[in-house]
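Ligands are counted one by one from 1 in listed order, and the atoms in each one are counted from 1 as well. Predicted, not measured: the structure shown is a model, and the values here were computed from it.
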Amino acid sequence: MIVTVTLNPSLDRAVDVERLVRGEVIRAASAHLDPGGKGVNVSRALLANGVSAPAVLPCGGDEGAQIMRLLRDEGVDVRSVPIVGRTRSNITLAEPDGTVTKINEPGPSLSPAEFELITTRALTAAVDATWVVICGSVPPGLPVSAFAGLCRRVVDSGVRLAVDTSGPALRAAAEAGADLLKPNREELAEAVGRVPATTAEVVAAARELRALGAGTVLASLGADGALLVGADGVLAGEADVPVPRSSVGAGDALLAGFLAAGAAGADAFAEALAWAAAAVSLPGSRMPGPADLRRDLVRVHHLPDGVRPPNTPAAAAPDRP
Ligand SMILES: Nc1ncnc2c1ncn2[C@@H]1O[C@H](COP(=O)(O)OP(=O)(O)OP(=O)(O)O)[C@@H](O)[C@H]1O
Ligand SMILES: O=P(O)(O)OC[C@@]1(O)O[C@H](CO)[C@@H](O)[C@@H]1O
């Protein structure tokens, strides 16, 4: 069983628009409403593929009640903690070429008592779990030390910890000994203080997080695919997406697929890429099920430390993964 923790969940409203014109009234072609937040999406993706994945999350206000209803309609085992604040709504504007513009509210602060309840709920669920997955932004006002304490309590409980977050919290998760981190390129850049543009630079940034204490780093790179940086080397991979719809949640699907397939090695990495590519092919933040997966479109390469992928033409553009 895999338990997810989303400290800052969201009600995700996505609209498909022909094109964005500032200052205009834009008629949306279609709209989607999904329960969201990174850990919530990991639970949704796992459940859609037959893996039990209870979701621990704070919920407040009408939006929080709606998220719980939507999750229960999807059959997710919701372990909600009532909070005084109002759960946020996030907006996605998706254009026909797959370009996504996203507006994320900050979300509500958590009181120390609410945070402790979430921690207790997570550690209780962790007793029967193989992984605890803490994903998404840290709520406004939550000290990084509190986040680090949650990570350490999970690690000390003996269950494996995966974290997908950003900023100082990502470094804190590494220092707490998280077994797996899933940063995207921007989150890697923030963590190491420079933009990792090339494969070698992404590998070096991931290895800095490993040197802080993290185990494996699954670095997601948008349309450029992903890198898996661990103790036994580096894998690079990508998957074609014939018709990109929305990349929202693709990183969550990547992480979910990796965990579902055993969270180690080329086969699990390939499965992660298949789930992520399938998510990109779906509207809004819909998570893929078995029928959406196109494993035939996935390519994985073993990389000697940071060298160009074997099939990269010498004259190609700078070695951007
Ligand atoms: N246009 C695309 N074509 C093919 N694969 C894509 C595309 N966009 C994303 N992916 C796949 O999805 C994975 C995750 O994408 P990305 O790096 O944007 O993660 P993310 O920023 O964490 O996403 P989110 O936070 O919305 O979940 C990538 O590693 C890649 O495998
Ligand atoms: O503000 P955060 O927590 O970084 O990201 C929140 C979010 O953008 O992440 C998910 C996609 O990964 C969406 O469901 C949600 O709206």
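- A salt bridge between Asp34 and Arg13 is absent, with no side-chain N of the basic residue lying under 4.0 Å from a carboxylate O of the acidic one.
- At a threshold of 4.0 Å, the pair Arg19-Glu95 does not count as salt-bridged, since none of the basic side-chain nitrogens sits closer than that to a carboxylate oxygen.
- With hydrogens and angles disregarded, no donor-acceptor distance shorter than 3.5 Å links the side chain of Arg88 to the backbone of Asn104.
- Looking at Cys135, Ser10, Gly36, Ala250, it is Ser10 that brings a heavy atom closest to atom 15 (C) of ligand 2.
- With hydrogens left out, the protein atom closest to atom 8 (O) of ligand 2 is Lys102 NZ, 2.9 Å, a heavy atom.
- Looking at Asn41 against ligand 2, only its side chain comes within 4.0 Å, counting heavy atoms.
- Distance from atom 14 (O) of ligand 2 to its nearest protein heavy atom, with residue and atom name: Asp12 OD2, 2.4 Å.
- Residue contacts with ligand 2, taken as heavy atom pairs separated by less than 4.0 Å, involve Ser137 via backbone and side-chain atoms alike.
- Arg207 has no carboxylate O lying under 4.0 Å from a charged side-chain N of Glu201, or vice versa, which leaves the two without a salt bridge.
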Run the side chain to side chain donor-acceptor pair (under 3.5 Å) check on Thr6 and Lys38 step by step: do they pass?
CA-CA 7 Å; Thr6 311; Lys38 295 185 183 300; over 6 Å; no
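- For ligand 1, the 4.0 Å heavy-atom shell contains residues Lys38, Lys182, Asn184, Ser220, Leu221, Gly222, Ala223, Gly225, Ala226, Ala239, Val241, Ser247, Val248, Gly249, Ala250, Gly251, Asp252, Leu273, Ala276, Val280.
- The side chain of Arg88, and not its backbone, has at least one atom closer than 4.0 Å to an atom of ligand 2 (non-hydrogen atoms only; side chain from C-beta on).
- For the 3.5 Å distance criterion, the side chains of Asn8 and Ser137 qualify, holding a donor opposite an acceptor.
- Looking only at heavy atoms of the protein, atom 4 (O) of ligand 2 is closest to Lys38 CE, 3.5 Å.
- Annotation for ligand 2: atoms under 4.0 Å from non-hydrogen atoms of Gly136 are 3 (O).
- Classification of Arg152 and Glu175 as a salt-bridged pair fails, no side-chain N sitting under 4.0 Å from a carboxylate O.
- Of the N and O atoms on the side chains of Asp16 and His32, at least one donor lies less than 3.5 Å from an acceptor on the other residue.
- Summarising the geometry, atom CG belonging to Leu150 is positioned 9.0 Å from atom CD1 belonging to Ile118; distances are rounded to the nearest 0.5 Å.
- Shortest contact from atom 11 (C) of ligand 2 to any protein heavy atom: Asp252 OD2, 3.3 Å.
- Put simply, part of Gly249 is less than 4.0 Å from ligand 2, judged by heavy atoms.
- Here the side chain of Thr4 pairs no donor or acceptor atom with the backbone of Val133 at under 3.5 angstrom.
- Look at Arg86 and Glu105 and you find a salt bridge, because one of the NZ, NE, NH1 or NH2 atoms lies within 4.0 Å of a carboxylate O, short of that distance.
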